[in-house]
Amino acid sequence: MEEEWDEMHRITACKAEEDYKLWLRFEDGLEGSVFLGNLLEIGALQLWRDVREFEKVSVDPDTATVTWEGGIRLDSDILYQDLAARSYPIQHVGGGNPPPAAG
């Protein structure tokens, strides 16, 4: 069923985080952070070396994709697939490990 991939995943919120991570929320409720620091060597994205430029991210209300000044846009479907692939199972820091035995 290839038709399900034809539907664009719409981003409803985003926020720049430390170390070139971008927190995203999609309209189906999937949310989390993706690392974009590996893109710093690509042409126009070298502008992000100034972290203040990276932090100017916003959601384009017409296309529901993330965008930066200068027309930089990232494909929301690729971001969704990256996030979805890493989102299961959700791991909680320190969860599931019993404390060390005293004594």
Side-chain angles (χ1 to χ4, degrees):
M1 300 272 173
E2 252 180 75
E3 291 177 23
E4 69 181 83
W5 297 112
D6 291 339
E7 185 176 324
M8 188 179 94
H9 293 97
R10 299 178 61 82
I11 297 170
T12 59
C14 68
K15 180 182 172 199
E17 297 180 325
E18 289 183 9
D19 299 323
Y20 295 100
K21 289 180 187 164
L22 183 64
W23 176 84
L24 301 165
R25 178 184 298 133
F26 289 85
E27 76 179 348
D28 69 356
L30 179 69
E31 63 180 69
S33 297
V34 293
F35 175 69
L36 300 178
N38 56 329
L39 303 178
L40 291 174
E41 299 303 318
I42 298 174
L45 305 184
Q46 291 180 11
L47 182 66
W48 290 352
R49 289 181 182 172
D50 179 347
V51 74
R52 292 169 297 187
E53 293 299 322
F54 178 73
E55 292 172 346
K56 292 179 182 177
V57 66
S58 62
V59 177
D60 182 310
D62 296 326
T63 61
T65 59
V66 288
T67 185
W68 285 262
E69 291 180 9
I72 298 171
R73 295 177 187 276
L74 296 182
D75 186 315
S76 61
D77 288 333
I78 292 173
L79 294 169
Y80 185 94
Q81 291 171 25
D82 182 42
L83 190 56
R86 293 182 295 107
S87 292
Y88 61 87
I90 296 173
Q91 299 292 322
H92 297 281
V93 176
N97 294 331

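By the salt bridge (Lys or Arg N to Asp or Glu O under 4.0 Å) test, D28 is found to be paired with no residue, residues two or more places apart in sequence or in another chain being considered. Every residue was checked against the side chain to side chain donor-acceptor pair (under 3.5 Å) condition with S76, not counting sequence neighbours, and none meets it. Checked against side chain to side chain donor-acceptor pair (under 3.5 Å), K21 has no partners two or more places apart in sequence or in another chain. Annotation: side-chain contact (heavy atoms from CB on, under 4.5 Å) contacts of V57 (sequence neighbours excluded): C14, A16, L22, V66, W68. Judged as a salt bridge (Lys or Arg N to Asp or Glu O under 4.0 Å), and not counting sequence neighbours, the contacts of D50 are R52. Contacts of R73 classified as side-chain contact (heavy atoms from CB on, under 4.5 Å), with partners at least two apart in sequence or in another chain: D60, T63, T65, T67. For K15, the side-chain contact (heavy atoms from CB on, under 4.5 Å) partners at least two apart in sequence or on another chain are W23.
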Check: residues 32-48 side-chain donor-acceptor pairs under 3.5 Å, at least two apart:
{"unit_1": "S33", "atom_1": "OG", "unit_2": "E17", "atom_2": "OE1", "d": "2.6"}
{"unit_1": "E41", "atom_1": "OE1", "unit_2": "R49", "atom_2": "NH2", "d": "2.9"}
{"unit_1": "E41", "atom_1": "OE2", "unit_2": "R49", "atom_2": "NH2", "d": "3.0"}
{"unit_1": "Q46", "atom_1": "NE2", "unit_2": "E41", "atom_2": "O", "d": "3.2"}

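In this structure, OG1 on T12 lies 8.5 Å from CD on E31, to the nearest 0.5 angstrom. Put simply, CG on L24 and CG on L79 are 5.5 Å apart, with the number rounded to the nearest 0.5 Å.
When hydrophobic clusters are built by joining Ile, Leu, Val, Met, Phe, Trp and Tyr residues whose side-chain heavy atoms come closer than 4.5 Å, directly or via intermediates, I78 is not grouped with M8.
Looking at V51 and Y20, their side chains come closer than 4.5 Å, going by heavy atoms from C-beta outward.
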